[in-house]
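Here the structure comes first, spelled out in structure tokens, and everything after it is commentary.
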Amino acid sequence: MQATLHQLRVFEATARHSSFTKAAEELFITQPTVSTQVKQLTKAVGLPLFEQIGKRLFLTEAGKELLHTCQEIFNQLDNFEMKVADLKGTRQGKLTLGVITTAKYFVPRILGAFCQQYPGIDIALQVTNHQKLQERMIENEDDLYILSHPPEEIELCSRPFLENPLVVVARRDHPLAGQRAIPIARLNNEPFIMRESGSGTRQAVQKLLNLHDVSVKVRLELGSNEAIKQAIAGGLGLSVLSKHTLISDGENGELVVLDVEHFPIQRNWYVCYLAGKQLSVIADAFLHYLVETSPTIPLYEPINNSRFVLTNH
């Protein structure tokens, strides 16, 4: 098949956006140019690549196969460029990370330190919830993923790299604040703000409470750590959060960690990638950096000069 790399890039952008217009905007070329390139590529393949139904553009079976092939080609080319840079003694390229929402409290600080060592690297950081992160995994949209509870239904290579202690959090003026060695039974009938059903944090908390026959009053269920912190500050009750969510509050914030028996619940943060995935030079470097160096980074002190794009979903 006679096809140019430019034609493949035009096709890939068109397929990804399902739009000639959006592909043209992304590639900074005209829409007629996109149409011409796709027509020439279609002729070279010998089968239709798109079909238009109404105003919507759909890939044919041949188009789907070609899109998959294009993605593999571009990934290999990107990795080749990174390897060439590595051979030249410089590491440069792009790293895409998908992280769970709680990880946004500390990952940028680790990225800052990493980028200081490798200033030629650009990082795209996607911050989202567990469900969306699993969808991104299935679609192979990122190089690496950072989360506290790797899903068992997706075949992953996972490595722990940082402790993720879950602590009981209260407003600073709560009656239990400042007390030492609080028996876990003291939480009985306390008003609580819980994470949503299905949350890994909630499951861990509920397991511990059940083990010690403790029953709390769930006053509110929230799916956001920031919303939970605001609810605690508003006097709605106690909650259990990752200690990392308190990084930005400092020692004199509105919230305090209670010294409750059997807490903190010890968990870990994991860095994961799809089993069988060939990591790029940059992704492999960051993976080893996380495992070997991140536990020594002072997460409670800001690190400047980080360079990355952060997207919330």
Side-chain angles (χ1 to χ4, degrees), residues 1-82 93-101 122-145 147 150-156 198 223 272-280 283 309-313:
M1 184 181 75
Q2 298 295 319
T4 67
L5 189 60
H6 179 61
Q7 288 172 347
L8 294 177
R9 289 199 182 278
V10 170
F11 164 76
E12 189 275 336
T14 305
R16 182 160 33 85
H17 291 294
S18 296
S19 168
F20 290 102
T21 301
K22 291 182 179 179
E25 291 173 355
E26 177 184 312
L27 298 172
F28 299 102
I29 56 179
T30 65
Q31 184 175 332
T33 301
V34 171
S35 299
T36 299
Q37 294 297 311
V38 170
K39 285 179 182 178
Q40 291 175 353
L41 183 59
T42 301
K43 184 177 179 181
V45 172
L47 288 170
L49 301 175
F50 294 101
E51 58 182 357
Q52 188 158 353
I53 302 175
K55 294 184 178 181
R56 297 189 62 185
L57 200 63
F58 296 90
L59 284 169
T60 63
E61 286 302 314
K64 292 175 183 178
E65 289 296 328
L66 183 58
L67 176 60
H68 179 70
T69 301
C70 285
Q71 291 169 340
E72 289 185 343
I73 291 172
F74 298 149
N75 284 337
Q76 290 295 328
L77 285 173
D78 288 342
N79 199 33
F80 173 72
E81 290 176 357
M82 294 180 197
K94 185 175 182 179
L95 174 68
T96 60
L97 294 176
V99 308
I100 200 67
T101 50
D122 291 319
I123 299 176
L125 179 61
Q126 305 289 337
V127 181
T128 188
N129 59 32
H130 272 282
Q131 181 180 345
K132 293 287 181 63
L133 200 63
Q134 288 189 39
E135 292 173 1
R136 296 185 67 84
M137 289 176 177
I138 292 171
E139 295 299 324
N140 189 26
E141 294 189 36
D142 307 287
D143 297 312
L144 298 170
Y145 302 91
L147 66 170
E152 296 179 0
E153 58 270 29
I154 300 177
E155 194 173 353
L156 298 170
C272 311
Y273 58 93
L274 294 174
K277 183 180 180 68
Q278 182 180 355
L279 293 181
S280 68
V309 178
L310 185 151
T311 305
N312 282 285
H313 286 281

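For clarity, every value in this text was computed on a predicted model and none was experimentally measured.
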Which heavy-atom pair separates Ile100 from His130 by the least distance, and what is that distance? CD1-N, 3.1 Å
Grab the two heavy atoms, one from Leu133 and one from Gly98, that are nearest each other, plus how far apart they are. CD1-C, 3.5 Å
Residue pair Pro150 / Leu156: nearest heavy atoms and the distance that separates them: CB-CD1, 4.3 Å
Between Ile123 and Lys94, is any pair of side-chain heavy atoms under 4.5 Å apart? no
Out of curiosity, Leu77 CG to Glu72 CD, how far, rounded to the nearest 0.5 Å? 12.0 Å
Neighbour count above 12 (heavy atom, 6.0 Å) for Glu65 CD: no
Are side-chain heavy atoms of Thr14 and Leu57 found at a separation under 4.5 Å? yes
Considering non-hydrogen atoms only, spot the tightest contact between Asp143 and Leu279 and give its length. O-CD2, 3.9 Å
Thr60 vs Leu47 side-chain heavy atoms within contact, under 4.5 Å: no
So NE2 of His6 and CG of Leu27: to nearest 0.5 Å the spacing works out to 7.0 Å
Listed once per pair and sorted, the salt bridge (Lys or Arg N to Asp or Glu O under 4.0 Å) pairs that draw on residues 24-34, sequence neighbours left out: Arg16-Glu26
Search all heavy atoms of Thr21 against all heavy atoms of Gln31 and return the closest pair with its distance. OG1-OE1, 2.9 Å
Measure the CZ-NZ distance between Phe58 and Lys64 for me, rounded to the nearest 0.5 Å. 10.0 Å
pair Gln126-Thr96: side-chain heavy atoms closer than 4.5 Å: no
Under the side-chain contact (heavy atoms from CB on, under 4.5 Å) criterion, do Ile29 and Val10 qualify, and how do the steps go? CA-CA 10 Å; Ile29 56 179; Val10 170; 4.1 Å; yes
Counting only heavy atoms not in Glu155, do more than 12 fall under 6.0 Å of its CD? no
So which pairs with a foot in residues 36-48 pass side chain to side chain donor-acceptor pair (under 3.5 Å), sequence neighbours left out? Gln7-Gln40
Do the side chains of Leu66 and Leu8 get nearer than 4.5 Å, heavy atoms only? yes
Intermediate values then yes/no, side-chain contact (heavy atoms from CB on, under 4.5 Å), Ile154 and Leu274: CA-CA 8 Å; Ile154 300 177; Leu274 294 174; 3.9 Å; yes
Report the distance from atom CG of Leu144 to atom OG of Ser280, rounding to the nearest 0.5 Å. 7.5 Å
Nearest 0.5 Å, please: how far is OG1 in Thr4 from CG in Leu41? 8.0 Å
Output all residues satisfying salt bridge (charged side-chain N to carboxylate O under 4.0 Å, His left out) with Glu153, sequence neighbours left out; order by chain, then residue number. none
Give, for atom OG of Ser18 and atom NZ of Lys55, the distance between the pair rounded to the nearest 0.5 Å. 16.0 Å
Within a strict 4.5 Å, meaning less than it, do heavy atoms of the Phe11 and Leu67 side chains meet? yes
Taking all non-hydrogen atoms of both residues, which atom of Arg136 and which atom of Tyr145 are closest, and how far apart? O-OH, 3.2 Å
